[in-house]
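The structure appears right after this line, and notes come after that.
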Amino acid sequence: MTVVTSPSGLAANARPYLHGTELAAIARVLETGQYGHGAETEQFERELAAFLGVEDVVAVATGTAALHLALLAAGVGPGDEVVVPSLTFCASVQAILATGAAPRFADVDPTTLCVTADHVRAALTPTTRAVMPVLYGGRAVDLAPIAADLAARGIVVVEDAAHAFGSAHPGGRRVGTTGALTCFSFDAIKSLTCGDGGAIVPRTPDEAQRLRRVRLLGMGAVREERVRTVGYQVHEAGFRCHLSTLHAAIGRAQLAGFPEIASRRQRLWRSYAAALAGIPDVSLVDLDVARSVPFNCVVRVPAPHRDTVHARLHADGIQAGVHYPPNHRQPAFSAWSSPLPATETLADEILSLPFHPDLTDGDITRVADALAAALRTAPTGSTAAVGQEAGAR
Ligand SMILES: Cc1ncc(COP(=O)(O)O)c(C=O)c1O
C-alpha cells in the first residue's frame, strides 16, 4: 500500500510512506473501542524504548507537544531564556513561548545547519535555563564540549530531534540515549509517522511520571483507574496531548518497518550526493549519512539565483522548498531578533529537494539535471563571482 498523491514523486517535497500494515492495525484498534490513551499507546512506548535502548519513552500527540512538555519538565518558565537556532521549524520557538520563556536565537554551522558547542556558548546569558539544539535533517548534535559547563549552571539540554529518529552520534550512541531530554516528531512526513505524534525520552522515572500526568490534563490516574474508582485527582496544570491508540497503532506498524525505511532514505540521499557532485555552484548540506536517517536533502545555491531556481524547478513539476525561513526574521518573533550572520546568508541559499522513500533513482537524476539547467541559465548576478565563492565552501 502506498499513498499516491501524484503520479510523480517529484510533485511532493515530502510525503508519507506506508508499509502496508497500517490499515489492519487501525482496524484492530477500532474494534477495541478504546481510542484515547490506552494499552496500544503504552505498548508503542515500550517498543520505542526497546528500539532506542532506553529505560522509558513518553508518547504525546505531536512533536511540538513533546518540546513543550519537555521544557516544562526541565523547569523552564516565565523569565527564563532558551537557546535555540533560528534555522528551525517555527514549532521549536512556539514550544518555548508556550512555557512563558523567551527564545535566544543562535547561529549555525553553514556546513551542517546545526548549532555547535561554540554557538551555544556564545548565546548563553545569566537567564538561560535550557538549550534546544535542533538535529537538522537528522544529524546528531554533539554538545559534549560544553556539557559540564551547562550542568554546572543548571542548564538543561532539550533536544529537538524531530528529524532524527533512528540517527546516531559519531561514537555510535543513538540519538535519545545521551542523557538529554530528547523529543521526536512522528508527523505525516517523518521517517516514522503516526499520522501525528511525538515522543519524549525522559531522564528519570520521576520525570516520566510527571510528563505522563501533564500530557493528560494533570490527572494522576489513567482511564481504567478513573472508571474503577469514584474520583480522580488533578495534581497540576496540564494539557490534553496524549497519543491516541489509533495513532499509536500506526506508529507500531511503522516501527516494525523502520530499519528498511532508514536504509532506503540513506540510499536515496547517497544517490542525490552522487547526482549533484559535478554541478557547479551546488553544495550539499552534510548530514553525516553514515550515522543519520536522512529527513531531507538540502543544497546551497548562490543567493542571487536561489529564488529563480526554486521557481524554475516548480515550473518543471519539481517541488523544491526552503527549510526554514529563519525565525528571528518572523514577525511573531521579532522581539527576540538579533544579527545572525551565517543564518542570514543561508536563508537566501538553501533549497530542499524532493525527498521521501517513494523516489526512484530516475527521479533523482531528473532533479539534478533540472537543478543544473536552472543554474546554468539563471539570469541574475555574476556567475563567475558566485562560482568562486561557492568553490571556497
Ligand atoms: C525541527 C522541528 N521541530 C519540531 C517540529 C514539530 O513536530 P510536529 O509537527 O510533530 O508537531 C517539527 C515538525 O516538522 C520540526 O521539523
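Atoms within each ligand, like the ligands themselves, are counted from 1 in listed order. What you are looking at is a predicted structure, and each value in this text was computed from that prediction instead of being measured.
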Going by the 4.0 angstrom heavy-atom rule, the piece of Phe295 near ligand 1 is neither

Check: Can you find a pair of side-chain heavy atoms, one from Arg203 and one from Val156, that are under 4.5 Å apart?
Finding: yes

Is any side-chain heavy atom of Pro85 closer than 4.5 Å to a side-chain heavy atom of Thr343?
no

Closest to atom 4 (C) of ligand 1 among protein heavy atoms sits Asp160 OD2, 3.5 Å

Notebook entry, point to check: Does ligand 1 have any atom that is closer than 4.0 Å to a heavy atom of Ser92?
Noted result: yes

Close side-chain approach of Pro302 to Leu375, heavy-atom, < 4.5 Å: yes

Do the side chains of Leu135 and Phe165 get nearer than 4.5 Å, heavy atoms only?
no

Should the ring pair Phe186 and Phe184 be called parallel, tilted or perpendicular, given that the plane angle runs from 0 to 90° and is split at 30 and 60?
parallel

Counting heavy atoms under 4.0 Å, the part of Thr64 that contacts ligand 1 is both

Atom 9 (O) of ligand 1 sits nearest the protein heavy atom Asp187 OD2, 2.8 Å

Q. How are the rings of Phe105 and Phe333 set to each other: parallel, tilted or perpendicular (split at 30° and 60°)?
A. tilted

Under 3.5 Å: N/O of Thr88 near N/O of ligand 1: no

Nearest non-hydrogen contact to atom 13 (C) of ligand 1 from the set Met132, Gln94, Lys190, His163 belongs to Lys190

Original post:
So, Asp361 and Arg267, do they make that salt bridge, N to O below 4.0 Å?
Top reply: yes

Here the atoms of ligand 1 under 4.0 Å from any heavy atom belonging to Gly197 are 10 (O)

### Message
Quick check on Ala95 - does any of its heavy atoms sit under 4.0 Å from an atom of ligand 1?
### Response
no

For this session: Report yes if Gly63 has an N/O atom closer than 3.5 Å to an N/O atom of ligand 1; otherwise report no.
Result: yes

Atom 12 (C) of ligand 1: closest protein heavy atom, distance to 0.1 Å, is Phe89 CD2, 3.6 Å

Ligand 1 to Ala91, heavy atom cutoff 4.0 Å, flagged ligand atoms 4 (C), 5 (C), 6 (C)

Report task. Indicate whether any N or O donor in one side chain lies under 3.5 Å from an N or O acceptor in the other, for Ser92 and Asp160. Result -> yes

* **Close side-chain approach of Phe239 to His68, heavy-atom, < 4.5 Å** => yes

The atoms of ligand 1 lying under 4.0 Å from a heavy atom of Tyr324, numbered in the order shown, are 16 (O)

